[in-house]
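What follows is a set of notes on a single structure, which appears directly below.
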Amino acid sequence: MRTERDYDVAVIGGGPSGSMAAIAAARAGARTLLIEKHAFLGGSLTAMGVGPMMSFHNRQGDTVVGGIPEELVQRLMATGASPGHIADSTTYCFSVTPFDSEALKITLETMLTETGGELLFHSHFAGLGGAGDGTPIVRICNKGGLSEFSCRVVIDASGDGDVCAAAGVRMEKGRRTDGALQPMTMNLKLANVDTARIRAYVREDPQNFEFEHGAEEGLRRLERTSQLSLKGYFREWEAARARGEVNIPREGVLFFETPTPGVVIVNTTRVQGLDGTDPRQLSLAEMQGRRQCSELYAFLRRHARGFEHAVRMDSAAQIGVRETRRAVGLHTLSGADILEGRQFPDPIALGGYPIDIHSPDQAKTNTQALGATTYQIPLRCLLVERPDYLIVAGRCVSATHEAMAAFRVTPIVMAIGQAAGTLAALAAQRGTAPSQVPYDVLKKVLVANGALLP
C-alpha cells in the first residue's frame with residue numbers, strides 16, 4: 001500500500017457540499033485534499049444531471065445563501081454560463097438558478113486549485129485507520145491501487161455517509177416508520193425544444209400545468225423569466241398512462257430550461273423501492289432509470305407540445321439519489337425545527353426551501369410549506385460523538401427524513417459545506433477536535449467570507 005503525503009483536511013466527495021468544503025478549507029490556509037469518484041466536481045449538479053440550483057432565496061425573496069456558493073454563481077454569470085437567480089415559473093420557489101454544467105465543473109476546479117487545494121479524481125474512499133497518536137488515516141482506491149494518507153480532520157461529504165458508516169457512527173435511513181427512501185431519478189437532457197411554442201401553450205391552457213401559487217402568478221412569472229421552469233402536460237400524461245405508454249409513478253412532466261435556449265433538463269423519472277447504498281440495487285436503479293428515460297422521451301416527442309422535434313442529448317452519468325444514510329449527530333434536526341423556523345445557539349447555514357418529499361411508494365410529491373420563512377442548520381448537526389476528528393457535510397448530516405427533504409437542495413448543502421470546511425481548517429490549525437472550536441470564532445470567519453447567518 002502506497003503512502004501519500006499528509007494533509008490538514010481530507011474531504012471525501014466533490015459534490016456541491018464537498019466542493020464548497022474543500023474550497024473553504026483551502027482558503028483558510030489548510031492543506032486540503034478533495035477525493036472524488038468521478039472525473040469532475042459538482043456531484044448532483046453534474047454527474048446526476050440536476051438543474052437548476054434551487055433556491056438561494058426564501059419564499060418572500062430574501063436571500064438566505066451567500067458566501068462561496070453565491071461567488072460560484074457570480075463567476076458563472078461573468079462567463080455567460082448562468083443568467084443568475086431568475087423567477088421560478090412553477091412558483092414552487094421564489095427563484096431558480098440555471099447554469100451550464102460543463103462551465104460549473106471548470107469553475108469549481110479553478111476555485112479549489114487557485115487557493116492551493118488538491119484534487120484526486122477517479123478515487124474511491126476505501127476505509128479509515130488510525131495512527132498510534134489517534135491521527136486519522138484515510139485509505140483510497142484508484143488506478144494507482146490502494147494508498148493511504150494521514151490528516152487532522154476528515155469531512156464526510158459523500159452524500160451517503162460512507163465515511164461515517166465506516167467509522168462506526170450510528171446511522172439512520174429513510175422514514176422512521178418503515179425505512180422507506182425517497183425515490184431516485186435519472187435526469188434527461190434534451191435539445192431543440194420549442195420553448196416559444198410551450199410558452200404559448202401554457203398561456204392557452206394554464207390549467208394543464210401546476211403553479212404552487214396559482215395560475216395568475218405562474219403566468220405573470222412566465223412573462224418575466226428568461227428560462228422556463230414548468231410542471232404539467234397532465235392530460236397528455238394521464239392519457240398515455242391509461243394506454244400503457246408510460247409506467248413512471250409521477251404526476252406529470254417536470255422540466256427546466258438551461259442557459260442554452262431550447263435545451264432542457266427533464267426531471268420526471270422515478271425509481272422507487274431501491275437503496276442507493278446497496279451496489280446491486282443501485283445498479284438496478286441505473287438500468288431502470290435509463291429505460292424510464294427512453295419511455296419519457298418517446299412520450300414527449302409524441303404528445304407534448306413543443307417537444308415534437310426534441311433531440312436527446314444524454315441521460316445523466318449517474319442516477320440522482322435523494323436520500324440514503326444520515327448520521328446521528330450531536331443534534332438531530334427535525335421537521336418541526338424546519339417548519340417552525342426554530343432558533344439555535346449555533347447556526348451555520350440558513351434555508352428557505354420547503355419540506356419536499358417524493359413519495360417512496362406512491363405517484364405523488366408531498367410538500368409541507370414553512371410556517372416560518374427561514375430556518376437554521378445548527379453546527380451540532382455536522383458533528384458526531386465519535387470519532388471526534390470527523391465533520392459531516394451535505395444531505396447526510398444529522399436530521400430526520402422530513403428535515404433532510406427540505407435542506408437537501410444544492411444551495412443549502414453548499415452553505416453547509418462552506419461551514420464544514422471552515423470549521424475543519426480552524427480545528428486543524430488549533431490542533432483541536434472540531435467540536436472544541438468556539439462557535440463565535442467559526443461564525444466570525446463565516447460572516448467575514450459572506451455567509452448569511454442570523
Side-chain angles (χ1 to χ4, degrees), residues 9 11-25 27-28 34 41-45 50 53-56 58 63-73 108 153-161 163-164 322-334 337-338 342 344 346-353 374-384 390-400 403-427 434-435 437 439 442-443 445-447 449-454:
V9 177
V11 182
I12 311 302
S17 199
S19 294
M20 292 294 111
I23 293 166
R27 286 185 177 182
L34 177 55
L41 299 178
S44 61
L45 297 174
V50 174
M53 305 178 203
M54 55 194 305
S55 174
F56 281 75
N58 64 18
T63 303
V64 293
V65 174
I68 302 176
E70 177 60 27
E71 179 190 335
L72 170 64
V73 174
L108 288 173
V153 182
V154 180
I155 298 177
D156 185 347
S158 65
D160 298 315
V163 182
C164 290
R322 289 185 177 86
E323 178 182 23
T324 53
R325 293 181 291 234
R326 304 181 305 276
V328 176
L330 302 186
H331 176 83
T332 299
L333 194 69
S334 69
D337 292 336
I338 294 285
R342 287 180 181 160
F344 296 101
D346 56 344
I348 50 83
L350 303 178
Y353 191 79
T374 304
Y375 48 85
Q376 301 177 358
I377 312 296
L379 172 62
R380 287 162 294 151
C381 292
L382 283 60
L383 302 174
V384 295
L390 182 59
I391 302 172
V392 191
R395 63 176 168 85
C396 56
V397 304
S398 183
T400 64
M404 189 280 300
F407 68 72
R408 64 183 171 83
V409 292
T410 51
I412 305 174
V413 298
M414 285 195 287
I416 293 172
Q418 179 175 348
T422 304
L423 177 63
L426 289 171
S435 62
V437 175
Y439 171 72
L442 171 62
K443 180 178 180 179
V445 178
L446 287 174
V447 172
N449 287 288
L452 300 180
L453 296 175

Side-chain (Ser398) to main-chain (His331) donor-acceptor, under 3.5 angstrom: yes
SB check Lys443 Asp346 (cutoff 4.0 Å): no
Side-chain heavy-atom pair Tyr353, Tyr375 within 4.5 angstrom cut-off: yes
Ion pair check, Asp337 and Arg342, cut-off under 4.0 Å: yes
Closest non-hydrogen atom pair, Ala425 against Val9: N-CG2, 4.1 Å
Heavy-atom check, side chain of Ile348 versus side chain of Leu442, under 4.5 Å: yes
Steps toward side chain to side chain contact (heavy atoms under 4.5 Å, CB included) verdict (Val397, Met404): CA-CA 8 Å; Val397 304; Met404 189 280 300; over 6 Å; no
Closest non-hydrogen atom pair between Pro378 and Leu333, with its separation: CD-CD1, 3.8 Å
Heavy-atom donor-acceptor pair, Ser19 side chain to Gly14 backbone, under 3.5 Å: yes
OG1-CD1 distance between Thr422 and Ile23, expressed to the nearest 0.5 angstrom: 11.0 Å
Polar side-chain atom of Arg326 near backbone of Cys396 as donor-acceptor pair, under 3.5 Å: no
Donor-acceptor contact below 3.5 Å, side chain Asp156 vs main chain Cys164: yes
Worked check of side chain to side chain contact (heavy atoms under 4.5 Å, CB included) between Ile377 and Leu350: CA-CA 6 Å; Ile377 312 296; Leu350 303 178; over 6 Å; no
Smallest separation among heavy atoms of Gly13 and Leu34, with atom names: O-CD1, 3.4 Å
Minimum heavy-atom distance between Leu453 and Ala349, given as atom pair plus value: CD2-N, 3.6 Å
Donor-acceptor contact below 3.5 Å, side chain Gln418 vs main chain Ala24: no
Atom of Phe344, atom of Gln376 and distance for their closest heavy-atom approach: N-OE1, 2.8 Å
Identify every side-chain donor-acceptor pair in residues 405-414 under 3.5 Å, counting partners at least two apart or on other chains, and give the distances.
residue, atom, partner, partner atom, Å
Arg408, NE, Ala405, O, 3.4
Arg408, NH2, Asp356, O, 3.1
Arg408, NH2, Asp356, OD2, 3.0

Which residues share a side-chain contact (heavy atoms from CB on, under 4.5 Å) with Val437, sequence neighbours left out: Leu423, Leu426, Ala427, Arg430, Thr432
Check: Thr400 side chain, Ser334 main-chain N or O, donor-acceptor pair, under 3.5 Å: no
Residue pair Val11 / Gly18: nearest heavy atoms and the distance that separates them: CG1-O, 3.6 Å
Residues Thr63, Leu452; criterion side chain to side chain contact (heavy atoms under 4.5 Å, CB included); working and verdict: CA-CA 8 Å; Thr63 303; Leu452 300 180; 3.6 Å; yes
Stepwise side chain to side chain contact (heavy atoms under 4.5 Å, CB included) check, Val328 with Val384: CA-CA 7 Å; Val328 176; Val384 295; over 6 Å; no
Side-chain donor-acceptor contact under 3.5 Å, Thr324 with Arg395: yes
Reported CE-to-CD1 distance for the pair Met20 and Ile155, which is rounded to 0.5 angstrom: 12.5 Å
Tyr439 side chain vs Leu379 backbone, donor-acceptor pair below 3.5 Å: no
